[in-house]
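These notes are about the structure you will find just below.
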Amino acid sequence: MLSYNDQDNDKRTRKRFKYINTVILGRKRDPIIQITTSEPEVINMCKELQTETTIARNKVLDKIYECYNNSNGTSKKYNKEEIELDPSYHLPYLELFLDNDFPPHMVALDAAHPWLVYWICNAYRILSESPLPPTINLKIKNKFFPPLLTTLKKAGPFGGGVNQIPHVVANYASILSLGLTDSPEIWSLIDRKAIYEWFLKLKLPNGSISTSESTGEHDVRSIYCCLSVASLLNILTMELVEGMLDFLINCQTFEGGFGGSPGEEAHGGTTFCALASLVILIPFLYPNKVLDDFIDVDNLLRWLSARQPNEEMGLNGRSNKLVDGCYSFWVGGSAAILESLGYPFVIDKSALREYILRCCQSTETRGFRDKPGKRPDFYHTNYVLLGLCCCDSVFYTKDSNPLNFVSRIKPGNKDRGVAAINPVYALTCETTRNMYEFFKNFSN
Amino acid sequence: MSIQQEQYTFDDLDLSNVPPIQDNSNHKLDHHHPRELCKILYSKDYLHTLKIFNALLNSNEYSKRSLYITKQVIQLVPAYYTAWNFRFHILQKLMALSDTENEITLDKELDWLDEFTLNNPKNYQIWSYRESLIKDTVSFPNQHSLKRELPIIELMIDDDTKNYHVWSYRKWCVKYYQDYTNEWKFCDKYIDRDVYNNSSWCHRMFILENMILVSTPIDRLSLIEKETKYTMEKIDLAPQNISSWNYYRRLQLLLLNNGTDNHKKNINLQNSIEFANRFNTTSSYALEYLAFAYSALDSQKYRTQILEIYQCLVTKYDPIRANYWKYKISELE
């Protein structure tokens, strides 16, 4: 939305704006011109230069304002009845794919089978507010331990599908999927020893870990996928984590967030991976030290809070990038981790909740989406829901062990279909704690 | 194996000697087992290609026909990392053959990869594969150079100016070849095109911090001052820009950490305050910077000013970040 100050308010300006809107931006309807005589609630500081960034953002803002359904389009104040999450609207979207095959075009995700299982089952677990039913648990078990094998034996590490080489990120999604079953019988089939030895082979001299042997990415994402699994399965050792702490610390950028590797741009996804990794690593390596001893937490809080623009109210993943529902968790979850450690929650939870409920869902299609104008998918459905859990909860811990982090749904919360989640693991607190209790009895 | 790699088709492949593969997918399950979760209904073509691919993969056959099949799989599913991995191993083995008529070279592979990249701009397996090729296929160590890499990077960024993977790959290349000479111009180009492009500002900081590491204290100072002037111009152009203000803030921090002359440091800060004050009604980032600069100068002496700025941000200019501003206020108490 183009905006300008009172003093510019003359005919010529109006004409110019109309020209920009219709000829350059191709807008069909006229811009809404708001002449502010009294001080508006939020002072719009945009003395804007038109570039690719602002044009793309304004297009998205138009659609967002439509979702917020206000008549004048420049103020975020809208009169609308309260909105609540309705799980019964979205559950059929997930049930459909729990019971049916995927169409052929989904072959693009043929190297991501464990992700499909995790996204769908985790979203289902949260929305249905109860542990997964035995029928789904059996399906998950058969997916990772195919019953065609003559005898059921331990398996792992896991890859993206049948006859694919093991992959750290696919293995992470596999362990989370198996975690979701809450079944010690299934958990005992995971070959912890093989996973541990495979991790060691993937370690790189710079402290990071490769996603697979010989080729593959090595960044904070592969480190997080390794550390999350290693802590859930209780196979963390000094040898495994050697060099990781320094690598992670070096990924914090001057902006405050973390990049994928040292020197790279701060990003919502990589910031979550780095922060969650640090929260796993620090108590393991230095039980008497805190996060602030290793990174600039203040600059991180600053960066996280700057992800939420006043107009969109949802979160973006990088400076001057567009809002996207999935960052409700990557950024919102990072803020939740910090809240667990006693820092303030630097995202406006109720504003983010508005973005999620008004912009990430529509009456046309079930499931959650990135932003208005996009189609829902499993990835966004899962991470938007996890983000909503962050909005509706308070996070705390009595214990520096991240497996014991807890959250409580806020008193007075109106949404049904949200769960108390552990932000470090993107699973419910219940599952994380169950896995901890189960695997702590295994020796390394 | 006389036919050239590029000319293979499925009909040319002699598959009679492809070893059998155990089919451990769930297709033939009896009725007692539930249907496979997240099963994809594959096309016939895909199943056929994958069957041959798996047979060759499982028998570790590093041949030209295997190379051909990996390409088929990658074209059908660009994210099929097992095929990228197998392809890498095949190339390593074939390139190592001291065959004078060896038509399999790193250059040819990179040519194909360039073309594939242009057709699949969102795929990111490409970049780590490319990195592995350059690093680990050392048959002709000196033949390759940064020059070979720059055009494809530039094409990709022209097309998608904030593509995280491409910017990351560029940083990797610059570090790998230890050649920073093209970078200032490269950053200028994208900041000129879009002053809000945070990726180019971050690349600029990456270059600057490297230059600082290798320069003398005097060069260092003039470099930071030159960058400060550049950034001030860009802020003038578009004051409400988080990217240029973050860069500016970092420059001021570098000045603060440079040398021991406290008097000079204070003058620098005062100048930056004077600069930021010009935007105190047009940029919330300028206000944030002001609070930072006053705190760096003397948070006790300027306590009133700092408090006033944070309160303005809470109530008027950036209320959605109220929790963070209030946290900053609480730090003052």
Side-chain angles (χ1 to χ4, degrees), chain A residues 42-43 45-47 49 51-54 101-104 106-108 110-113 116-117 135 138-140 142-143 146-149 159-160 162-165 167 212 214-217 253-255 260-261 263-265 267 301-302 305-306 308 310 313 318-321 344-346 348 351, chain B residues 24-26 29 33-34 36-43 46 54 57-58 76-77 79-82 84-85 88-89 128-129 132 161-162 164 167-168 171 193-199 202 205-206 237-243 246 250 282-284 316-324 326-327:
Chain A
V42 181
I43 296 183
M45 300 190 104
C46 288
K47 184 193 143 192
L49 190 74
T51 71
E52 291 156 66
T53 296
T54 58
D101 297 337
F102 290 113
M106 293 282 283
V107 76
D110 198 31
H113 283 257
L116 289 169
V117 175
T135 48
L138 184 60
K139 282 181 178 182
I140 295 177
N142 288 339
K143 181 83 181 177
L148 256 194
L149 301 174
V162 174
N163 214 51
Q164 297 181 31
I165 59 170
H167 188 279
S212 58
S214 326
T215 57
E217 307 90 62
T253 83
F254 68 101
E255 289 193 276
S261 292
E264 289 178 7
E265 183 179 3
H267 180 284
L301 290 165
R302 186 177 82 96
S305 72
Q308 190 171 31
N310 286 284
M313 302 202 283
R318 290 186 255 166
S319 301
N320 284 328
K321 286 271 288 175
F345 196 95
V346 289
D348 184 326
Chain B
N24 55 350
S25 65
N26 289 0
L29 293 182
H33 293 300
E36 183 190 339
L37 188 58
C38 299
K39 179 182 157 188
I40 298 170
L41 295 171
Y42 298 126
S43 68
Y46 185 67
N54 282 333
L57 172 73
N58 291 4
L76 290 167
V77 183
Y80 206 94
Y81 64 88
T82 305
W84 287 105
N85 189 275
F88 176 75
H89 286 296
S128 62
Y129 176 72
S132 299
T161 56
K162 298 174 182 179
Y164 197 85
W167 282 103
S168 300
K171 290 190 185 68
R193 175 168 153 179
D194 181 354
V195 74
Y196 299 100
N197 184 343
N198 197 56
S199 300
C202 288
M205 184 52 72
F206 165 76
L237 214 57
Q240 180 65 349
N241 181 1
I242 190 170
S243 302
N246 271 339
R250 177 67 182 159
T282 48
S283 170
S284 64
K316 276 200 277 186
Y317 296 111
D318 199 6
I320 207 157
R321 295 172 73 190
N323 289 350
Y324 177 69
K326 284 176 186 164
Y327 165 71

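Here is the naming used below: chain letters follow the sequence lines, and residue numbers restart at 1 for every chain. For clarity, every value in this text was computed on a predicted model and none was experimentally measured.
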Heavy-atom pairs under 4.5 Å with chain A - which of B:V77, B:T161, B:N85 has more of them than the others?
B:N85
Nearest-0.5 Å distance, CZ of residue A:F102 to OH of residue B:Y42
11.0 Å
Donor-acceptor side-chain pairing of B:N241 and A:N320 below 3.5 angstrom
yes
Heavy-atom pair count under 4.5 Å with chain B, highest-scoring of A:G260, A:S214, A:G159
A:S214
Heavy-atom distance under 4.5 Å between the side chains of A:M106 and B:L41, does that happen here?
no
Please state whether the side chain, the backbone, both or neither of A:A112 comes within less than 4.5 Å of a heavy atom of chain B.
neither
What's the shortest heavy-atom distance between B:K162 and A:K321, and which atoms?
CD-CD, 3.4 Å
Quick check against the 3.5 Å criterion: does B:T82 have a side-chain atom that pairs as donor or acceptor with the backbone of A:I165?
yes
Sidechain N-carboxylate O distance under 4.0 Å for B:R193, A:E52
yes
Nearest-0.5 Å distance that lies between atom CG in A:D101 and atom CD in B:E36:
8.0 Å
How close do A:S319 and B:S243 get, counting heavy atoms only, and between which atoms?
CB-OG, 4.2 Å
State, yes or no, whether a side-chain contact exists between B:N323 and A:D348 at a heavy-atom distance under 4.5 Å.
no
Does B:Y327 form a side-chain contact (heavy atoms from CB on, under 4.5 Å) with A:V346? I'd like the steps, not just the answer.
CA-CA 9 Å; B:Y327 165 71; A:V346 289; 5.6 Å; no
CG of B:N246 to CZ of A:R302, rounded to nearest 0.5 Å, is 4.5 Å
Least distance between heavy atoms, B:Y80 atom then A:Q164 atom:
OH-CG, 3.4 Å
Using a cut-off of under 4.5 Å on heavy-atom pairs, state which of B:S43, B:S132, B:S199 scores highest against chain A.
B:S199
Nearest heavy-atom neighbours spanning A:Q308 and B:I320
O-CG2, 3.0 Å
Could you tell me the separation between the CG atom of B:N198 and the CZ atom of A:R318, rounded to the nearest 0.5 Å?
8.0 Å
Let me see the working for A:H167 and B:Y81 under side-chain contact (heavy atoms from CB on, under 4.5 Å), right down to the final yes or no.
CA-CA 9 Å; A:H167 188 279; B:Y81 64 88; 3.4 Å; yes
Candidate pair A:N310 and B:D318, rule side-chain contact (heavy atoms from CB on, under 4.5 Å), full reasoning
CA-CA 7 Å; A:N310 286 284; B:D318 199 6; 2.7 Å; yes
Go through the atoms of A:P344 and report whether side chain, backbone, both or neither lie under 4.5 Å from a heavy atom of chain B.
side chain
Do the non-hydrogen side-chain atoms of A:L49 and B:Y196 ever get within less than 4.5 Å of each other?
yes
Rounded to the nearest 0.5 Å, the OH atom of B:Y129 sits from the OG1 atom of A:T215 at a distance of 8.5 Å
Could you walk me through whether A:E255 and B:R250 pass the side-chain contact (heavy atoms from CB on, under 4.5 Å) test, one step at a time?
CA-CA 8 Å; A:E255 289 193 276; B:R250 177 67 182 159; over 6 Å; no
So SG of B:C38 and CD1 of A:I140: to nearest 0.5 Å the spacing works out to 9.0 Å
Here the pair of heavy atoms bringing A:S305 nearest to B:R321 is OG-NE, 2.9 Å
Closest non-hydrogen contact found for A:P104 with B:I40 is O-CG2, 4.4 Å
Most contact-rich option vs chain A, by heavy-atom pairs under 4.5 angstrom, among B:F88, B:Y164, B:Y46, is B:Y164
